[in-house]
Amino acid sequence: QVQLVESGGGLVQPGESLRLSCTTSGFTFRTYGMSWYRQFPGQERELVAFITSNSDRIHIPDFAQGRFTISRDNDKKTAYLDVNSVKPEDTAKYFCKAVHRYDGTTYWGQGTQVTVSS
């Protein structure tokens with residue numbers, strides 16, 4: 001049974017740092033690239049970070065560079081998203097996604113809500 005479970009969301013104040021975790025099971029984590037997406041209400045889901053299966057390449061879109069960092073621990077089968085100095089405009093539901101490096105098999109987590117407010 002494949003599972004991707006995001007955690008670490010909730011209510012945070014502007015300026016704080018945040019770590020989201022995506023804990024996985026049921027598939028060979030080390031052979032999947034991992035991504036984080038976020039979705040605002042009524043908007044399409046947007047990529048915020050990507051890391052290859054062996055961590056040899058990382059992609060951070062321009063809007064997210066400087067504050068967003070993706071990492072992974074293949075022994076723990078977990079991916080992380082670190083956000084520094086959160087802003088109210090970071091308020092969104094955050095999702096992790098696994099994509100097989102060769103055949104494109106894709107799994108999504110259920111998402112975790114991040115609300116940035118003072």
| Stepwise side chain to side chain contact (heavy atoms under 4.5 Å, CB included) check, T31 with H100 | CA-CA 6 Å; T31 66; H100 194 272; 3.6 Å; yes
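- Under the side-chain hydrogen bond (donor to acceptor under 3.5 Å, both in side chains) test applied with Q39, the options R45, E44, K93 reduce to a single match, R45.
- Closest of all the heavy-atom pairs between F29 and A79 is CZ-N, 4.1 Å.
- In this structure, CD in E16 is found 15.5 Å from NZ in K87, a value given to the nearest 0.5 Å.
- Minimum interatomic distance between G9 and L20 (heavy atoms only, all atoms of both residues): N-CD2, 3.6 Å.
- Here Y80 contributes atom OH and I51 contributes atom CD1; the two are 11.5 Å apart, rounded to the nearest 0.5 Å.
- Listed for the T106 side chain is a donor-acceptor partner under 3.5 Å among the backbone atoms of G104.
- Interatomic distance, SG of C96 versus OH of Y37, reported as 11.5 Å (0.5 Å rounding).
- Looking only at distances, a side-chain donor or acceptor of E6 sits under 3.5 Å from a matching main-chain atom of G111.
- The shortest distance between side-chain heavy atoms of T52 and F50 falls below 4.5 Å.
- What you find for S17 and S85 is that their closest heavy atoms are OG-N, 4.1 Å.
- For OH of Y102, the number of neighbouring non-hydrogen atoms (other residues, nucleotides, ligands) closer than 6.0 Å is 12 at most.
- Contact check for V99 versus T105: no side-chain heavy atoms found under the 4.5 Å cut-off.
- If you take CD1 on I58 and CZ on F68, they are separated by 14.5 Å, rounding to the nearest 0.5 Å.
- In this structure, Y94 has no ring pair (Phe, Tyr, Trp, His ring centres under 6.0 Å) partners at least two apart in sequence or on a different chain.
- Annotation: side chain to side chain donor-acceptor pair (under 3.5 Å) contacts involving residues 64-79, sequence neighbours excluded, comprise R67-D90, R72-N74.
- Remark: F63 CZ to L47 CG distance equals 7.0 Å, nearest 0.5 Å.
- By the 4.5 Å heavy-atom criterion applied to side chains, P41 and Q43 are not counted as neighbours.
- In this structure, F95 CZ and L4 CG are separated by 12.0 Å, a value rounded to the nearest 0.5 Å.
- Distance alone, capped at 3.5 Å, places no donor-acceptor pair between the T115 side chain and the T91 backbone.
- Inter-residue side-chain proximity for V5 and Q110 is flagged as met; some heavy-atom pair is nearer than 4.5 Å.
- Contact of the S117 side chain with the L11 side chain is registered, since non-hydrogen atoms from C-beta on lie closer than 4.5 Å.
- Taking every heavy atom of both residues into account, Q3 and F27 meet most closely at O-CE2, 4.1 Å.
- V114 and W108 fall into different hydrophobic clusters, defined by Ile, Leu, Val, Met, Phe, Trp and Tyr side-chain heavy atoms under 4.5 Å apart, directly or through other members.
- The 12-atom threshold is exceeded at CZ of R101, counting heavy atoms of other residues, nucleotides or ligands nearer than 6.0 Å.
- Annotation: side chain of D82 is not in contact with side chain of L18 (no heavy-atom distance under 4.5 Å).
- Using a 4.5 Å heavy-atom threshold, the side chains of I70 and W36 count as touching.
- Residues M34 and C22 have side chains in contact (heavy-atom distance under 4.5 Å, counting atoms from C-beta outward).
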